[in-house]
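Notes for the one structure printed next.
Just so you know, ligand 1 is whichever comes first in the structure, and atom 1 is the first atom listed for that ligand.
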Amino acid sequence: MNMEENVENLNGVGEKTAELLAHAGIKTIRDLFYYLPRSYENYQNVSKISELRPGKVVVKGQIDGLNTHYGKNRHLAITEGIISDGTSSLRVVWFNQAYRKNQFQKGKTYLFSGNFELKYGRYQLTSPAATLYEEDKDGLKNAIRPEKESPGYQPIYSMHLGIKPDQFKRLIGRSKNQFAKIPDLLPMIKSKPFFVKNGARAEALMAVHFPKNEKEVEHGRRYLAYEELFELIFAARLNREENRRLKSISLPFVAANTKELVGALPFTLTPGQKRATWDILQDLEKTTPMNRLLQGDVGSGKTVVAAICAYQAIKAGAQVALLAPTSILAAQHAETLNQFLKPLGVNVALLVGSTKHKSELKKRIKTGEVNLVVGTHAIITDDTEFHNLLFCIIDEQHRFGVAQRQRLLLKSPDGKAPHLLAMTATPIPRSLQLTIFGDLSISTIPELPKGRTPIETKIIREMEQREFLYPKVKAEIKKGRQVYWICKSIEDNPREETISVKKQAERLAKIFPRQKIDFLHGRMKPAEKDEKMQKFQAGETDILVSTTVVEVGVNVPNATVMVIMDAEGFGLAQLHQLRGRVGRGQHQSFCFLVKSGEEPPSRRLRELEKSTSGFHLAEVDLKIRGPGEIYGSLQSGALDLRIASLTDTELISLASKHVQGFIEDKNEKLEHYPELMHSIQKYQQLTTLN
Ligand code: ADP
Ligand code: MG
């Protein structure tokens with residue numbers, strides 16, 4: 001069986017199904033078999049209804065009188081029924097799962113697994129998973145179709161565009177006899193670990209889709225995690241080698257130049273900034289291109305590091321480009337860089353969508369008159385040509401896709417690869433650095449400049465706003481400080497309970513009638529956004545109500561309060577970034593995380609309340625969410641690891657040894673393993689900076 005073939009070539013998959021699958025992103029046979037269950041439902045340990053105790057339970061019974069009605073606001077479909085098993089009967093409820101109505105047939109027996117709990121004075125089984133139960137002919141118990149061998153332990157697949165979990169399960173069930181034909185993937189060489197053996201891959205995939213028990217799933221997943229690591233580590237190795245073969249131009253270090261610039265700064269560099277600068281300056285001297293990530297918390301001062309390094313490059317005759325994700329941020333960078341570099345004779349230009357006289361500016365870039373171009377996507381359009389682009393800096397690199405980064409790098413002189421510096425405030429946890437980013441050099445600024453007081457963070461309940469939040473905000477404004485007020489949505493949306501920018505701005509206008517309140521969101525024209533931002537920066541606005549457009553990089557040292565409405569709706573990294581908009585001056589700053597609902601705050605919010613270290617929070621985030629999601633978001637969602645395995649150091653070291661053994665083995669070549677080569681190349685693209 002060729003795993004790269006279209007799913008349609010698989011027995012049991014028709015044209016229609018193939019189309020459905022394609023919508024869910026499943027195109028090849030490999031995609032199908034590697035679409036792994038999200039979790040498993042354990043239907044073992046059936047209890048009698050008459051003996052149930054609150055908590056997670058499994059019962060077996062028939063279902064009568066199922067019907068669906070809608071809640072008050074029409075958005076909630078409630079499906080209710082009664083299960084009975086001869087000992088007693090029990091109410092069962094599902095929310096927004098109207099399809100349940102058609103799932104059950106009269107007279108048949110099903111297994112239900114869910115939470116048995118007291119709600120509004122009655123006991124009920126809430127949103128249970130359910131599956132058909134059938135006695136075997138010979139009276140053996142718990143034989144369930146279609147997976148007769150797996151009594152009581154059933155995979156659950158996530159909902160995906162166009163295809164329902166149960167539909168997917170039936171489909172996989174139909175292809176079951178094909179699993180034996182799955183070829184091995186990994187090289188069977190001496191350095192492989194013992195569990196990589198003939199048939200191991202087919203066995204592992206079989207185990208995760210048709211498990212007999214928990215243990216089997218665990219073994220299967222471990223093997224698949226190993227495969228993934230092998231591919232990632234291999235990709236990192238190849239990236240490193242390919243990068244070594246590229247040629248760049250040496251941009252030599254001249255001590256006097258650096259001294260001149262550093263000496264003119266209004267502050268002294270932190271030790272972290274010095275180390276990072278030195279790493280980069282040395283890389284720029286080499287004739288293999290730099291491929292370096294500069295990570296440092298919000299406010300750690302990455303921009304000035306970039307400025308010093310850009311200066312070295314420009315003094316050596318190079319042009320430099322700095323790419324930023326938003327025009328507000330690009331404008332701010334241009335201003336900062338101008339301030340540092342203009343006195344030294346450097347010509348800095350800003351190139352964003354709204355830049356006037358663009359063609360004239362582009363001419364000046366093409367002739368080399370402009371030394372340093374700061375801008376947004378406008379830089380990477382085809383008609384922006386450079387004279388001698390040898391150093392590219394990308395701020396918040398995870399905001400850009402692979403293709404965009406590559407387009408920028410292609411603007412260098414023929415045959416020369418530019419040096420690349422990517423800056424990020426979303427640090428990559430150490431455990432991921434080793435595997436995925438094995439080809440990257442990383443510099444870290446671990447500290448903030450001296451004299452900053454840590455931001456005070458507090459979780460506030462919605463109803464506590466009047467009592468705690470408004471007085472605090474008022475007091476800060478009275479002292480002359482400014483406030484950011486972040487909302488999730490722009491306009492009110494009946495389906496969401498979050499408060500919108502517009503509503504919040506109206507509300508605040510009533511609460512603070514004397515203060516100047518303005519609002520900002522991503523749907524405004526860039527010119528309008530810039531104007532509002534400039535007013536805020538100039539201190540003309542007291543409270544700026546906004547969506548997350550102010551998330552990245554914006555620097556208004558006089559702003560000391562950050563209020564985030566519906567804070568539970570944001571990710572940890574994003575909350576940390578937002579918080580970093582304040583605490584940029586010498587004043588004590590505050591961050592208030594406003595949460596609706598009665599439940600206790602999530603771990604995410606509590607961690608944020610406790611810690612202001614981006615590095616600590618990144619590790620926490622890794623633990624809470626798993627590396628797949630984090631890495632996915634780092635790369636704009638392009639790569640989604642199936643199995644959380646990047647923290648498994650034992651497996652990583654086994655896979656590294658195996659990869660090393662393969663590379664050293666004279667008789668082995670990657671071309672002999674087309675499927676493996678294909679996925680390694682995919683990872684290579686996604687995990688390199690250039
Ligand atoms: P980020 O790393 O978040 O991009 P910035 O480069 O925007 O941080 O720097 C934040 C602020 O700190 C800027 O106003 C910058 O001038 C200032 N800054 C940078 N380095 C130092 C330093 N060593 N001492 C004091 N202030 C500094
Ligand atoms: Mg920055």
Side-chain angles (χ1 to χ4, degrees), residues 258 261-280 292-311 322-343 348 372 374-376 393-400 421-428 442-455 482 484 533 536-537 548-560 562 573-587 589 591 612-615 617-618:
T258 305
L261 171 49
V262 172
L265 292 174
F267 43 72
T268 44
L269 296 176
T270 62
Q273 282 174 316
K274 282 186 194 156
R275 265 197 315 274
T277 307
W278 186 233
D279 288 344
I280 300 163
R292 186 172 285 277
L293 186 70
L294 173 59
Q295 48 178 32
D297 230 329
V298 253
S300 61
K302 296 183 288 292
T303 320
V304 64
V305 173
I308 299 168
C309 301
Y311 189 52
L322 194 163
L323 189 63
T326 64
S327 51
I328 295 175
L329 191 56
Q332 212 164 74
H333 277 320
E335 203 181 304
T336 312
L337 293 168
N338 237 327
Q339 183 195 325
F340 294 145
L341 298 176
K342 201 172 174 188
V348 182
L372 172 55
V374 184
T376 51
I393 305 167
I394 304 183
D395 195 18
E396 305 300 340
Q397 67 93 17
H398 58 283
R399 291 287 184 113
F400 297 93
L421 176 67
M423 306 196 286
T424 180
T426 311
I428 299 173
I442 298 183
S443 296
T444 303
I445 306 178
E447 72 277 90
L448 296 184
K450 276 215 185 70
R452 303 250 172 98
T453 350
I455 302 165
Q482 290 165 282
Y484 290 107
M533 207 55 227
F536 188 65
Q537 213 152 12
T548 55
V549 288
V550 295
E551 183 187 339
V552 218
V554 177
N555 194 24
V556 182
N558 191 47
T560 55
M562 167 62 67
Q574 202 177 17
L575 288 168
H576 178 63
Q577 286 266 335
L578 283 167
R579 178 169 62 180
R581 297 306 111 230
V582 296
R584 304 192 139 232
Q586 73 270 41
H587 310 290
S589 291
C591 174
T612 51
S613 154
F615 293 96
L617 292 172

Quiz item: Relative to ligand 1, is Asp395 under 4.0 angstrom through side chain, backbone, both or neither, heavy atoms considered?
Solution: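 Within the 4.0 Å criterion, Asp395 makes no contact with ligand 1.
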
Self-check item: For ligand 1, the portion of Met423 having any non-hydrogen atom under 4.0 Å away
Solution: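 Within the 4.0 Å criterion, Met423 makes no contact with ligand 1.
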
Quiz item: For Phe267, is at least one N or O under 3.5 Å away from an N or O on ligand 1?
Solution: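 No: no nitrogen or oxygen of Phe267 is under 3.5 Å from one in ligand 1.
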
Quiz item: Polar-atom distance check: Phe340 versus ligand 1, any N or O pair below 3.5 Å?
Solution: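 No; every N/O pair is 3.5 Å or more apart.
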
For [atom], tell me which residue out of [options] has the closest non-hydrogen atom.
{"atom": "atom 24 (N) of ligand 1", "options": "Gly272, Pro449, Pro557", "answer": "Pro449"}
{"atom": "atom 4 (O) of ligand 1", "options": "Thr303, Val556, Thr424", "answer": "Thr303"}
{"atom": "atom 17 (C) of ligand 1", "options": "Arg452, Arg584, Lys302, His333", "answer": "Arg452"}

If you define the side chain from C-beta out and look only at heavy atoms, does anything of [X] sit under 4.5 Å from [Y]?
{"X": "Leu448", "Y": "Thr270", "answer": "no"}
{"X": "Thr444", "Y": "Arg275", "answer": "no"}
{"X": "Val298", "Y": "Arg579", "answer": "no"}

Quiz item: Phe267 vs Phe340 aromatic rings, parallel, tilted or perpendicular, using cut-offs 30° and 60°?
Solution: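 Rings of Phe267 and Phe340: perpendicular, over 60°.
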
Practice problem: Find the distance between SG (Cys591) and CG (Leu575) and round it off to the nearest 0.5 Å. | Solution: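 CG of Leu575 is found 7.5 Å from SG of Cys591.
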
Quiz item: Could you state the interatomic distance from CE (Met562) to OG (Ser589), rounded to the nearest 0.5 Å?
Solution: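 Interatomic distance, Met562 CE to Ser589 OG, rounded to 0.5 Å: 10.0 Å.
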
At less than 4.0 angstrom from any non-hydrogen atom of [X], what atoms of ligand 1 do you find?
{"X": "Thr268", "result": "22 (C), 23 (N), 24 (N)"}
{"X": "Val298", "result": "3 (O)"}
{"X": "Thr270", "result": "23 (N)"}
{"X": "Ser300", "result": "2 (O), 8 (O)"}

Exercise. Report yes or no: does Gly296 have a heavy atom closer than 4.0 Å to ligand 1?
Key: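 The answer is no: ligand 1 sits nowhere under 4.0 Å from a heavy atom of Gly296.
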
Quiz item: Does ligand 1 have an atom under 4.0 Å from some heavy atom of Ile445?
Solution: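 The answer is no: ligand 1 sits nowhere under 4.0 Å from a heavy atom of Ile445.
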
Quiz item: Is it true that atom CD of Glu335 has more than 12 heavy atoms of other residues, nucleotides or ligands lying nearer than 6.0 Å?
Solution: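 At most 12 heavy atoms, drawn from other residues, nucleotides or ligands, come within 6.0 Å of this atom.
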
Quiz item: Does any N or O in the side chain of Gln273 come within less than 3.5 Å of the main-chain N or O of Gly301, such that one atom is a donor and the other an acceptor?
Solution: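 Flag set: sc Gln273 to bb Gly301 pair under 3.5 Å.
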
Self-check item: Among His576, Gln577, Lys302, the one residue meeting side chain to side chain donor-acceptor pair (under 3.5 Å) with Asp297
Solution: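 Going through His576, Gln577, Lys302 one by one, the side chain to side chain donor-acceptor pair (under 3.5 Å) with Asp297 is satisfied by His576 alone.
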
